[in-house]
Participant: 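Structure provided below as structure tokens; questions to follow.
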Amino acid sequence: MVVESPGVSVAPDGTAYPLPADAERAADAERLSADAQRARAEGRQVVAVQGLGFVGVAVAACVAAARDEAGRPRCFVIGVDLPTPASYWRVRRVAEGTSPMTAPDPDLPALLRDGALVTGNLRATTCEEAYGLADVIIVDVPLHVPDRVSTEPAGLAIDQRSFEEALRAVGRRMRPDALVLMETTVPAGFCEQVAAPLLQEERMRRGIETPLLLAYAPERVMPGPRYVESIRRFWRAFAGIDRASTARARAFLSSFIDTTSHPLSELADPTSAELVKLLENSYRAANIAFIHEWTLLAEQLGVNLFAVIEAIRVRTGTHDNIRNPGFGVGGYCLTKDSLLAQWSATHLFGTDVVLRMTLDALRINHEMPLHTLSLTREVLGGSFAKRRVAVCGISYLPGVGDTRWSPAEIFVDRLLTEGAIVVLHDPYVPVWPERPDLSVGQDLATALHGADALVLAVPHAPYRVLSSEALTRMVGRPAALVDAQNVVDDETAATLRAAEWRLAGVGKGHWRTRRYQCTP
Ligand code: SAJ
């Protein structure tokens, strides 16, 4: 939990960094200027990465790691973020060669350490002067959608103010011939209709009349076990606002991405490239929502939907991307990208197009945890009042400690509203940043002891190895279990049932046929 206090930036582990004084920042800017000039003289590109979040930190590390045929660093990279309590600790971590975010990918801290401490071609600063040193400026600051729940087109709003301020900082400083490469997920049309005019306005103020070089290449960063690979060995779509921008973008992307194994997809214009990201994530969100409807049916029909889906996935190339039943949809991407598309249609292009199925899918995904809630209420006999419910897993994905827009939040709040005594456990989340009012246990036996029900909400590896005996021992007696993400196999379920547990599983209609949800 980053504690907001004036003058200090506190990292999640409690390390406090006093915010830099103006003199300190001026000296930093001078050092960077000298080092950037030296790097350019040695034939390296100077690259500024704006935004040191989940995306920017990894992009900065990967660009700094790019090597030429002789094995020399291709770029001198400067990560830039704000001198604020919320952000400055990230700048210091990158400058120290450590990752501001934990991730199950050892390559990320290794690349950061190498860039910052060994080759010295990775720096981090709060000085916006850095944009004036760069040949390429990568924009990785977030464009937030404050309200993820309402999906009515007229009511949609995006928080473009801080994003536009970030772009203006680039426009105020950038070299006339620098390329701006936007990677942030933005509404379709945003690059050409908002970013380009804004950058040109700032350049005109400085008397720059040469053409703006601007391109868009949506990031596809996945902060998990494939963090670095999702940048260096992953497909990218891109487009420039003109041929010169497109050519510069292609050359730059090819300098740190393995485009032999993962060729670039060049689109006709930035709006098309923006739509690539919005559509791919809307497709995935809708695909998840689609299976939820069949999950409810399968449970009522007494069918094991996982077996049905397995029999369908054999049809590779046409049906193998059908999704599994689940607990809900969290994360920063799938919960907002469809809204950005609708916002474009309504507020940027002024059309009356409504992505009705897409928006319904978002609503269904948002409500998915309520199905697990009803299964939990059922195995507890119809009421949560004073019942102790252990929620196992609050991150939005297995194996990572990322709780952004986690479906667990909806689930836990409803449990509390209905009078349950809630105990949280997640081995990857010692502190829940979005919910400092709720504590998260790290010891599973403690969390499960005395529980009336336990809900397996995230398929974290430690939950997958739990035996019936271990569960009964940790809880202290037979209880109720709800498997929201296919963690418990049928053999373990049968053993639990024989030990007088009540069970329910999302998509596990066959457990209902065996009346596992009923009092033994
Ligand atoms: N989920 C399901 N059922 C599924 C898949 C996911 O319920 O079959 C849920 C997850 O539990 C999670 C949410 O959806 O709560 C999002 O999961 P995700 O696997 O889509 O992971 P994200 O949100 O990190 O999505 C990112 C996206 N990548 C980018 O935007 C760069 C998405 O395009 C990728 O497909 C996804 O990673 C990935 O494949 O890892």
Side-chain angles (χ1 to χ4, degrees), residues 53-56 58-59 101 103-105 140 142-143 145 148 183-186 217-237 257 262 273-295 305-306 309-310 312-313 319-341 361-362 364-372 393-411 426 428-429 456-460 463 483-487 506-507:
F54 280 96
V55 175
V59 168
M101 50 281 299
D105 179 354
D140 279 333
L143 190 151
V145 176
R148 304 291 180 86
E183 292 190 320
T184 303
T185 304
V186 293
E219 55 81 15
R220 284 175 165 161
V221 178
M222 288 173 268
R226 304 174 298 170
Y227 211 151
V228 168
E229 183 188 342
S230 72
I231 296 171
R232 296 204 297 190
R233 290 177 53 80
F234 210 78
W235 300 274
R236 294 292 292 274
I257 295 169
H262 295 80
E274 287 157 345
L275 214 54
V276 165
K277 182 63 181 282
L278 301 181
L279 176 53
E280 70 185 14
N281 277 350
S282 298
Y283 159 72
R284 184 164 173 86
N287 201 8
I288 295 165
F290 169 75
I291 210 65
H292 186 62
E293 197 167 64
W294 291 79
T295 297
L305 191 60
F306 295 93
I309 288 168
E310 202 174 315
I312 294 171
R313 279 193 177 145
H319 290 69
D320 53 346
N321 193 29
I322 188 171
R323 308 316 309 157
N324 275 326
F327 174 60
V329 174
Y332 191 67
C333 308
L334 270 61
T335 54
K336 79 170 173 6
D337 292 359
S338 309
L339 299 177
L340 291 174
L362 277 196
I364 291 165
N365 289 347
H366 185 76
E367 293 169 359
M368 275 172 71
L370 302 183
H371 177 55
T372 298
I394 60 167
S395 61
Y396 85 89
L397 272 181
V400 295
D402 191 339
T403 53
R404 290 175 294 169
W405 300 93
S406 172
E409 186 163 9
I410 298 161
F411 182 69
D426 192 307
Y428 296 89
V429 184
L456 299 173
V458 182
H460 287 321
Y463 304 145
D483 182 4
Q485 297 239 39
N486 197 22
V487 177
V506 174

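Remember, it's 1-based here, ligands and their atoms both numbered in the order they're listed. The analysis underlying the following values was restricted to heavy atoms, covering all of them including side chains, and did not include hydrogens, waters or symmetry mates.
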Participant: Short list, please: which atoms of ligand 1 are under 4.0 Å from a heavy atom of V221?
Facilitator: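 Answer, ordered by atom number: 31 (C).
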Participant: Answer whether the closest heavy-atom distance between the side chains of L397 and V458 falls below 4.5 Å.
Facilitator: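 They are not in side-chain contact.
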Participant: What protein heavy atom lies closest to atom 29 (C) of ligand 1? Include the residue and the distance to one decimal.
Facilitator: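 Result: K277 CE, 4.0 Å.
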Participant: Are any of the side-chain nitrogens in R404 or E409 under 4.0 Å away from the carboxylate oxygens of its partner?
Facilitator: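 No, this pair does not count.
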Participant: List the closest protein heavy-atom neighbour of atom 3 (N) of ligand 1: residue, atom name, distance to the nearest 0.1 Å.
Facilitator: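 Here the closest protein heavy atom is I288 CG1, 3.7 Å.
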Participant: Between H460 and Y428, how do the two ring planes meet: parallel, tilted or perpendicular, split at 30° and 60°?
Facilitator: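 The arrangement is tilted - the two ring planes meet at 30° to 60°.
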Participant: Any idea which atoms of ligand 1 are less than 4.0 Å away from a heavy-atom of R220?
Facilitator: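 In order of numbering, the contacting atoms are 31 (C).
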Participant: What atoms of ligand 1 come within less than 4.0 Å of a heavy atom belonging to G330?
Facilitator: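 Checking each atom against G330, I get 12 (C), 13 (C), 15 (O), 16 (C).
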Participant: For T372 and V506, work out which heavy atoms get closest and say how close.
Facilitator: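 Between these two residues, the closest heavy atoms are OG1-CG2, 3.5 Å.
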Participant: Which atoms form the tightest heavy-atom contact between I394 and S406, and what is the distance?
Facilitator: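 I394 and S406 have their closest heavy atoms at O-OG, 2.5 Å.
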Participant: M222: heavy atom below 4.0 Å from ligand 1, yes or no?
Facilitator: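 The answer is yes: ligand 1 sits under 4.0 Å from a heavy atom of M222.
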Participant: So, for F327 and F411, is the gap between ring centers shorter than 6.0 Å?
Facilitator: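 Between F411 and F327, which both carry aromatic rings, the centre distance is below 6.0 Å.
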Participant: Please list the nearest protein heavy atom to atom 25 (O) of ligand 1 with its residue and the distance rounded to 0.1 Å.
Facilitator: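 Checked against all protein heavy atoms, atom 25 (O) of ligand 1 sits closest to L334 CD1, 3.7 Å.
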Participant: For ligand 1, which atoms have a heavy atom of L397 less than 4.0 angstrom away?
Facilitator: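 That gives atoms 10 (C), 12 (C), 17 (O), 19 (O), 21 (O), 24 (O) of ligand 1.
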Participant: Please could you name the atoms of ligand 1 that R226 approaches to less than 4.0 Å, counting only its heavy atoms?
Facilitator: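 Listed by number with element: 38 (C), 39 (O), 40 (O).
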Participant: Can a non-hydrogen atom of G328 be found less than 4.0 Å from any atom of ligand 1?
Facilitator: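 G328: in contact with ligand 1 (<4.0 Å).
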Participant: Judged by atom type as modelled, is there a donor-acceptor pair below 3.5 Å linking the side chain of Y463 to the main-chain atoms of G393?
Facilitator: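 Yes, the answer is positive, given that a donor and an acceptor are paired below the 3.5 Å cut-off.
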Participant: N/O of N281 under 3.5 Å from N/O of ligand 1, yes or no?
Facilitator: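 N281 vs ligand 1: N/O contact under 3.5 Å present.
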Participant: If you have a sec, work out which protein heavy atom is nearest atom 11 (O) of ligand 1 and how many Å separate them, to one decimal?
Facilitator: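 Protein heavy atom at minimum distance: Y396 O, 3.4 Å.
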Participant: Does the ring of W405 carry R148 above it, NZ/CZ under 6.0 angstrom from centre and within 45° of its axis?
Facilitator: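 Yes; both conditions hold, so R148 lies above the ring face of W405.
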Participant: Between atom CG of D426 and atom OG of S395, what is the distance when rounded to the nearest 0.5 Å?
Facilitator: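 D426 atom CG to S395 atom OG measures 4.5 Å (nearest 0.5 Å).
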Participant: C333 heavy atoms, cut-off 4.0 Å: which ligand 1 atoms fall inside?
Facilitator: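 Once the distances to C333 are compared, the set is 30 (O).
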Participant: Tell me the protein heavy atom at minimum distance from atom 5 (C) of ligand 1, and give that distance in Å.
Facilitator: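 Among all protein heavy atoms, the one nearest atom 5 (C) of ligand 1 is R284 NH2, 3.4 Å.
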Participant: Does a salt bridge link E219 with K277, judged by any charged N lying under 4.0 Å from a carboxylate O?
Facilitator: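 Yes, E219 and K277 are salt-bridged.
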Participant: Of all the atoms in ligand 1, which lie at a distance below 4.0 Å from a heavy atom belonging to R323?
Facilitator: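 Under 4.0 Å from R323, ligand 1 has these atoms: 4 (C), 8 (O).
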